[in-house]
Trainee: 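Sharing a structure, written as C-alpha cells. Questions coming.
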Amino acid sequence: MQIRNVAIIAHVDHGKTTLVDQILRQCNVFREGQEIQERVMDSNDLERERGITITSKNFAITYNDTRINLIDTPGHADFGGEVERVLKMADGVLLLVDAFEGPMPQTRFVLQKAMQLNLKPVVVINKVDRKGARPDEVLDEIFNLFVELEATDAQLDFRGVYAAGRDGWAVGELEDERINLFPLLDMIIDHVPGPVKQDGPTQMLVAALDHSDYVGRIGMGRIVRGSLKSKQQVVLIKRDGSQQATQVRQLFVFDNLGRKEVQEVQCGDICAVIGLEGVDIGDTLADALEPEPLDIIAIDDPTLTMSFMPNNSPGYGQEGKYVTSRQVRDRLYKAAHRDVALRVEDTASADTYKVSGRGILHLSILMENMRREGFEFMVGQPQVIFKEIGSKKAEPVEILNVDVPVDLAGTIIEYAASRKGEMISMEQREARTYLEFHIPSRGLIGFRSKMLRATAGEIVMHHRFHQYEFFKGSIPERTNGSIISMGNGKSVAFALDALQDRGVFFIAPGDNLYVGQIIGEYSRDEDLVVNAQKAKQLSNMRASGTDRKMRIAPPLLMSLEESMEYLNHDELLEVTPQSLRLRKSILNENDRKRATKKIRLSEGKVE
C-alpha cells in the first residue's frame with residue numbers, strides 16, 4: 001500500500017475542519033446511519049466552544065489503495081510550537097485559503113515553516129460559492145505569497161482545486177462538474193511525493209505525545225529510516241543526549257479516526273508506540289545496536305511570560321480541588337512536557353513559577369484547561385521577554401493586521417501609534433480598510449479588548465511574531481485606576497447605586513467580596529477604596545420624596561484573556577473553576593501604601 005503524509009494548513013475559520021468532515025464522510029469512515037457530530041476533529045470542549053484548532057491531531061483515510069495520513073494543524077500563531085513539530089511528519093501540505101479573504105497572516109506563518117522544510121504544496125481555494133468570492137485574485141495572491149516566502153521552483157509549480165467544503169465538492173477548474181471531493185484526493189496522490197524509503201538501522205523522531213491511564217505515555221512520530229517491529233529492543237535518545245534502553249510493547253498505525261495495532265511499521269509511515277517510559281517530544285527512537293540521534297526539533301523561543309502561584313485569597317479552596325503549591329507546580333511541568341513551546345521555571349520564591357509561552361492565547365488555553373480540571377491559582381501581569389542584542393536591550397515585535405470599517409480606521413491608527421506601532425501599509429477594499437503595523441508585543445497586551453469596545457465589535461485583527469528589535473521606549477500602563485473593596489461580605493445594591501458615577505463595576509449586587517478585591521474601574525487615574533457592603537439605614541420613618549429609585553447598570557464581565565490583559569503590575573488575577581476575580585497583590589490598604597512608599601524611597605522619588 002502506498003503512503004502519503006500531508007499536513008493541513010489554514011487560517012482560523014477558513015473551513016478546514018468542515019472540509020475534513022466531508023472527506024471522512026465520502027471515504028466511508030462512518031457507518032451508514034451513524035450519528036456524527038459536526039467538526040469531528042475539534043475533539044475537546046475548548047476547541048468546540050472557540051471554533052479553533054488548538055492541538056494537532058492525526059487521522060488516516062484509505063483512497064484507491066493509498067493510505068493518506070492527514071495531520072490537522074492549528075491555525076493560530078500562538079500555537080506555533082504544535083505546528084513546528086508536526087510538520088516534521090509530513091511530505092506535503094494542503095494549503096486551504098478562503099476565496100473571499102485570501103491568504104491571511106497566520107496562514108503565512110505556518111506556510112513559511114512548511115517551505116523551510118521543503119514540503120510540496122497542494123492549494124485548496126475554499127468557499128468559492130460564497131458571496132463576494134474572488135477565486136482568481138486569491139490564486140494570484142497565493143502565488144505572490146509563495147514568491148515572498150522564497151519558495152523553490154518545484155514549490156512554485158503548485159497544483160490546486162476550487163472547493164466548497166461545506167457542500168463537499170472540489171473541481172480542478174471552476175467550469176467542471178461539482179460532484180465530490182475525489183479530485184482533491186487524486187491531486188494529493190498525484191502531486192505529493194510518497195515518503196523516501198531509507199534502509200538501515202531504525203530511526204524515529206517523536207513529534208507528538210498521547211497518554212492513556214492504562215499504558216502511560218504513547219509516543220507518536222514518523223519512521224525516518226528502517227522499520228519498527230513490535231517487541232523490538234530500542235534505545236530512546238533524549239534531547240540532552242542521554243540514552244535509555246527500552247522495548248516496543250505495542251505498535252499502532254492510524255486508521256480512519258482511530259488506531260489499528262500492527263506488528264511492523266515501514267519507513268515513512270506515521271505510528272504510535274506504547275512502552276516508552278519517560279518519552280518526550282523531540283526524542284529519537286533508535287536501533288539498540290546502532291543508536292544514532294536525529295536532529296532535534298527547532299522551536300521558536302517564547303515571547304511572553306507570566307507568574308503562576310497558588311491561590312492565597314481569603315476564600316481559597318472553596319471552589320477548586322487542587323489548591324496547593326505542589327499540585328500547581330506538577331500540573332505546569334506536565335503541560336511543559338506535552339507542549340514544546342511552553343517553558344516552566346522555578347523562581348527564588350518557593351511558591352511562584354515562571355511560565356513562558358507564545359502569546360496571551362497560548363497561556364490562557366493552559367489556564368482554562370487547569371481551571372476545568374479543578375485547579376485554583378493566581379497569575380500576575382503578562383510580561384514580554386527581552387533579549388540582549390549587541391549589549392542593547394531588544395524586545396519582540398509583531399506584525400499586526402487589522403480589518404475595520406473605513407470610518408473607524410483613524411481610531412485604530414491613533415491607538416496603535418500610542419502603543420509604539422508603526423503603520424506599514426493601508427488598503428481600502430469596498431467599505432473596509434486593511435491596515436498593517438509593526439508593533440511591540442508589549443503594545444498588543446490589552447489592544448484587542450480596548451479596540452473591540454472602541455469599534456463596537458467591528459474590528460478583525462490577527463498578529464504574528466516578526467523579529468526582535470531594539471527597545472522602543474516605555475508604553476503607558478492602563479490609564480484608569482481600580483475601585484477596590486475595603487470590606488469582606490456580600491455587595492449591597494444600595495452601596496453600588498451610590499457609587500455608580502465613580503466608574504464601571506465588574507460585580508453585581510449579592511456577590512461575595514473580600515478586602516483588596518478589585519470590583520471596578522475608576523474613572524480617574526488613581527485607585528479608589530470603597531465600602532460596597534454599606535446598606536440602607538432602616539428606621540421606621542419613610543417618605544416617598546426622600547427614597548431614591550435604584551437603577552444599577554449591569555456589570556462589565558470580562559473573559560479570561562481580557563482579565564489577563566487588564567492587569568497592572570501590582571495586581572493579580574485569581575482563577576478558580578467557577579470565578580475570575582481581580583485583586584491587588586497586597587490586599588491590605590495600609591500595607592499597600594507602605595510598600596509604595598518603600599519603592600519610591602528606593603528610587604529617590606519621595607517629595
Side-chain angles (χ1 to χ4, degrees), residues 1-7 56 58 60 65-71 84-93 113-120 152 154 188-189 191-210 217-255 259-299 340:
M1 182 182 277
Q2 291 188 52
I3 295 168
R4 296 289 184 273
N5 300 319
V6 184
S56 173
N58 297 51
D65 293 331
T66 302
R67 183 158 81 247
I68 303 174
N69 285 314
L70 288 163
I71 305 157
E84 285 154 343
R85 60 187 177 78
V86 298
L87 286 180
K88 286 273 189 183
M89 296 195 275
D91 297 299
V93 290
K113 301 286 179 192
M115 293 294 173
Q116 288 164 1
L117 292 168
N118 204 26
L119 302 182
K120 187 74 191 265
T152 62
I188 289 172
I189 292 170
H191 294 287
V192 173
V196 178
K197 297 274 192 293
Q198 284 193 55
D199 296 325
T202 306
Q203 272 187 321
M204 171 183 147
L205 185 68
V206 178
L209 287 181
D210 199 358
R217 284 194 180 186
I218 302 169
M220 291 183 278
R222 173 178 165 167
I223 310 290
V224 177
R225 189 176 69 189
S227 63
L228 191 63
K229 297 184 179 71
S230 184
K231 306 294 184 283
Q232 181 178 337
Q233 296 295 326
V234 290
V235 168
L236 195 63
I237 305 173
K238 309 292 286 179
R239 287 173 76 96
D240 60 5
S242 62
Q243 298 187 3
Q244 177 184 322
T246 186
Q247 185 189 39
V248 175
R249 289 217 302 268
Q250 284 177 291
L251 263 182
F252 291 85
V253 291
F254 292 91
D255 182 38
R259 299 180 192 142
K260 179 174 71 176
E261 187 170 0
V262 291
Q263 293 306 306
E264 185 175 5
V265 180
Q266 297 299 325
C267 179
D269 207 348
I270 295 170
C271 64
V273 185
I274 290 174
L276 313 175
E277 275 190 36
V279 65
D280 285 315
I281 289 167
D283 293 352
T284 300
L285 201 63
D287 188 86
L289 300 175
E290 296 180 58
E292 289 178 50
L294 287 159
D295 292 339
I296 292 170
I297 298 172
I299 299 291
V340 286

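Along the sequence shown, residues are numbered consecutively beginning with 1.
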Trainee: Looking at every non-hydrogen atom in both residues, tell me the closest pair between Met204 and Met220 and how far apart they are.
Mentor: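 Closest approach of Met204 to Met220: CE-C, 3.9 Å.
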Trainee: Answer yes or no: does atom NZ of Lys197 have more than 12 heavy-atom neighbours from other residues, nucleotides or ligands under 6.0 Å?
Mentor: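 Yes.
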Trainee: Using 0.5 Å steps for rounding, measure from the NE2 atom of His191 to the CZ atom of Arg4.
Mentor: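 Those atoms lie 11.0 Å apart.
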Trainee: Tell me, which pairs form a side-chain hydrogen bond (donor to acceptor under 3.5 Å, both in side chains) where one or both residues lie in residues 243-254, sequence neighbours left out?
Mentor: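 Matches after skipping sequence neighbours: Gln250-Glu261.
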Trainee: Would you list the atom pairs, donor with acceptor, under 3.5 Å between side chains in residues 265-276 and any protein atom, with sequence neighbours excluded?
Mentor:
{"from": "Gln266", "atom 1": "NE2", "to": "Glu264", "atom 2": "OE2", "distance (Å)": "3.3"}
{"from": "Asp269", "atom 1": "OD1", "to": "Arg67", "atom 2": "NH2", "distance (Å)": "3.0"}
{"from": "Asp269", "atom 1": "OD1", "to": "Asn69", "atom 2": "ND2", "distance (Å)": "3.1"}
{"from": "Asp269", "atom 1": "OD2", "to": "Arg67", "atom 2": "NH2", "distance (Å)": "2.1"}

Trainee: Would you mind telling me which of Val234, Asp287, Val262 makes a side-chain contact (heavy atoms from CB on, under 4.5 Å) with Leu228?
Mentor: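 Only one option passes, and that is Val234.
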Trainee: Considering all heavy atoms of both residues, which atom of Pro193 and which atom of Asp91 are nearest to each other, and what is their separation?
Mentor: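 Closest approach of Pro193 to Asp91, heavy atoms only: O-CB, 3.6 Å.
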Trainee: Of all heavy-atom pairs between Lys229 and Ser227, which one has the smallest distance, and what is that distance?
Mentor: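 Looking at all heavy atoms of both residues, the closest pair is NZ-OG, 4.1 Å.
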Trainee: Between CD1 of Ile223 and CG of Leu251, what distance do you get to the nearest 0.5 Å?
Mentor: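 If we round to the nearest 0.5 Å, Ile223:CD1 and Leu251:CG are 7.0 Å apart.
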Trainee: Grab the two heavy atoms, one from Ile218 and one from Arg259, that are nearest each other, plus how far apart they are.
Mentor: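 Closest approach of Ile218 to Arg259: CD1-NH1, 3.9 Å.
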Trainee: Identify, with sequence neighbours excluded, every residue that meets side chain to side chain contact (heavy atoms under 4.5 Å, CB included) alongside Ala90.
Mentor: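 Testing Ala90 for side chain to side chain contact (heavy atoms under 4.5 Å, CB included), a comparison that skips the adjacent residues, returns Ala7, Ile71, Leu119.
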Trainee: If I take atom NZ from residue Lys120 and atom OG1 from residue Thr152, how far apart are they, to the nearest 0.5 angstrom?
Mentor: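 Reported to 0.5 Å precision, the distance equals 8.5 Å.
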Trainee: Can you tell me how far apart CD (Gln232) and CD (Gln263) are? Round to the nearest 0.5 Å.
Mentor: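 Separation between the atoms: 12.0 Å.
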Trainee: Pair Ile189, Ile68 - check side chain to side chain contact (heavy atoms under 4.5 Å, CB included), show working.
Mentor: CA-CA 8 Å; Ile189 292 170; Ile68 303 174; 4.3 Å; yes
Trainee: Less than 4.5 Å apart, any side-chain heavy atom of Ile237 and any of Asp283?
Mentor: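 Answer no - side chains too far apart.
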Trainee: To the nearest 0.5 Å, tell me how far Arg225 CZ sits from Gln198 CD.
Mentor: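 Atom-to-atom, Arg225:CZ and Gln198:CD are 7.0 Å apart.
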Trainee: Measuring only between side-chain heavy atoms, which start at C-beta, is Pro195 closer than 4.5 Å to Asn5?
Mentor: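 Counting from C-beta outward, Pro195 and Asn5 do come under 4.5 Å.
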Trainee: Which heavy atom of Ala288 sits nearest to which heavy atom of Pro291, and what is that distance?
Mentor: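 Minimum heavy-atom contact is O-CD, 3.9 Å.
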